[in-house]
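Here's the structure we're looking at; comments come further down.
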Amino acid sequence: MFLNYINAFRAFAIIFIVAIHTIHIFHWQEQFATEKALWILLGNGTVFFVFISGYLFQHLSAKFKVIKYYSSKISNVLLPYLIVSIPALLYFLVFPHDVKLFPNFYENPLWLQIIQTYVYALHLYPYWFIPMIMLFYLAAPVLLLADKRNIFYWLLPLLIVFSCMTDRSSILSSFIHFFSIYVIGMFCSKYKTQVNEFLSFNSTRLFLLLGFIFLFAFEFFAVFPDFKSINFVQKLFLLFLMLSVFIKYDQYLNNIYINTLANVSFGIFFLHAYVLFVLRLTSINIGKYVLHSEHAMITGNIIIFLTTVIFTLLICTYFTYLIRKILGEKSHLLIGYLKSGKLSVA
């Protein structure tokens, strides 16, 4: 069964991912309030991608076959990651970087450097999501068994507490941090009738909106420097708020704009890091040599930020379709193949 509201959520999620990474390409000292608001709003947007993955995993679990499942993940997720990473991998290995995780990284044999780069996504920061989500794929049989017996669902409050207590300093800790979100996605899929009915009430939507606004304001005006656990809970409110909105307006979501963005979301994910890398270099060069900025970067503001986000989405969408046109069925090796109208890649 095709789910318009989850398809729309996929489009929403990729916008968040591109937007959070766009913040890095500008200097914000003169726009401190804007930068802070953007970090609070967009931070931990990976919650939405993980939720969708858990939701679709359970939604498609009736058709689960071990060999087919893992062959799909290898061809549509792992291989694109390995291949698209090659330019960044070469750049990372040729030009030394500060590798805090492995202080003696460049003293290791080349084969070990390559393995460490891929396993820990050292070459391009956004790619850390792939090694992390692969852990969920490896845990699929256990998650299916737990789904049938409702094991993790009874433990959801405790899992959420664990998520609030853990950081994202490593791939393993990120897996633990997002585990509750994946299980929440599975829960919302398994009990979609009851969940969707509850989220359809105006009172529920109002509660979620007020909760999100309160937590956002609390983070923005708080004198304490770091509230990762609060931001995590804030994203839970926003997650269910947007899910309720998409459910309410489900009949209007099946349009060319949302479908296009959703269908190329995986391609956008793989390509946007390169586009933003080029834009960051451009920002530095313009700031340094044209604007003679002391910070050697273009000063960001909300208009230039939104323009850059839209441009990045458009250029990634263009190249995704271009790659599909050139490579045809082999395009999944670069951008993860997703047939139009089919949520085949969780």
Close side-chain approach of [X] to [Y], heavy-atom, < 4.5 Å:
| X | Y | result |
| --- | --- | --- |
| Tyr274 | Val84 | yes |
| Phe270 | Tyr127 | yes |
| Tyr321 | Thr260 | yes |

Verify side chain to side chain donor-acceptor pair (under 3.5 Å) between Ser170 and Ser173, making sure each step is shown before the conclusion. CA-CA 5 Å; Ser170 69; Ser173 64; 3.1 Å; yes
Assess the pair [X] and [Y]: is the distance between their ring centroids shorter than 6.0 Å?
| X | Y | answer |
| --- | --- | --- |
| Trp128 | His21 | no |
| Tyr182 | Phe51 | no |
| Phe207 | Phe237 | yes |
| His97 | Phe92 | yes |
| Phe26 | Phe305 | no |

Give me the one residue out of Leu112, Val99, Leu93 that meets side chain to side chain contact (heavy atoms under 4.5 Å, CB included) with Thr117.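 The single option meeting the side chain to side chain contact (heavy atoms under 4.5 Å, CB included) with Thr117 is Leu93.
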With Asn44, the side chain to side chain contact (heavy atoms under 4.5 Å, CB included) member among His177, Gln234, Lys228: His177
[X] side chain vs [Y] backbone, donor-acceptor pair below 3.5 Å:
| X | Y | result |
| --- | --- | --- |
| Ser189 | Gly185 | no |
| Tyr153 | Val183 | no |
| Lys36 | Phe220 | yes |
| Ser85 | Leu82 | no |

I'd like to check the side-chain contact (heavy atoms from CB on, under 4.5 Å) partners of Val66; sequence neighbours left out, ordered by chain and number.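 Val66 satisfies side-chain contact (heavy atoms from CB on, under 4.5 Å) with Phe64, Tyr70 once adjacent residues are dropped.
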Joint hydrophobic cluster, [X] plus [Y], side-chain heavy atoms closer than 4.5 Å:
| X | Y | result |
| --- | --- | --- |
| Val278 | Ile315 | no |
| Phe198 | Leu238 | yes |
| Leu281 | Tyr125 | no |
| Tyr81 | Phe277 | no |
| Val275 | Ile86 | yes |

Quick one: do the Tyr5 and Asn196 side chains pair a donor with an acceptor below 3.5 Å? yes
For the residue pair [X] and [Y], does the interplanar ring angle fall in the parallel (under 30°), tilted (30 to 60°) or perpendicular (over 60°) class?
| X | Y | value |
| --- | --- | --- |
| Phe136 | Phe175 | tilted |
| Phe129 | Phe269 | perpendicular |
| Phe187 | Tyr191 | tilted |

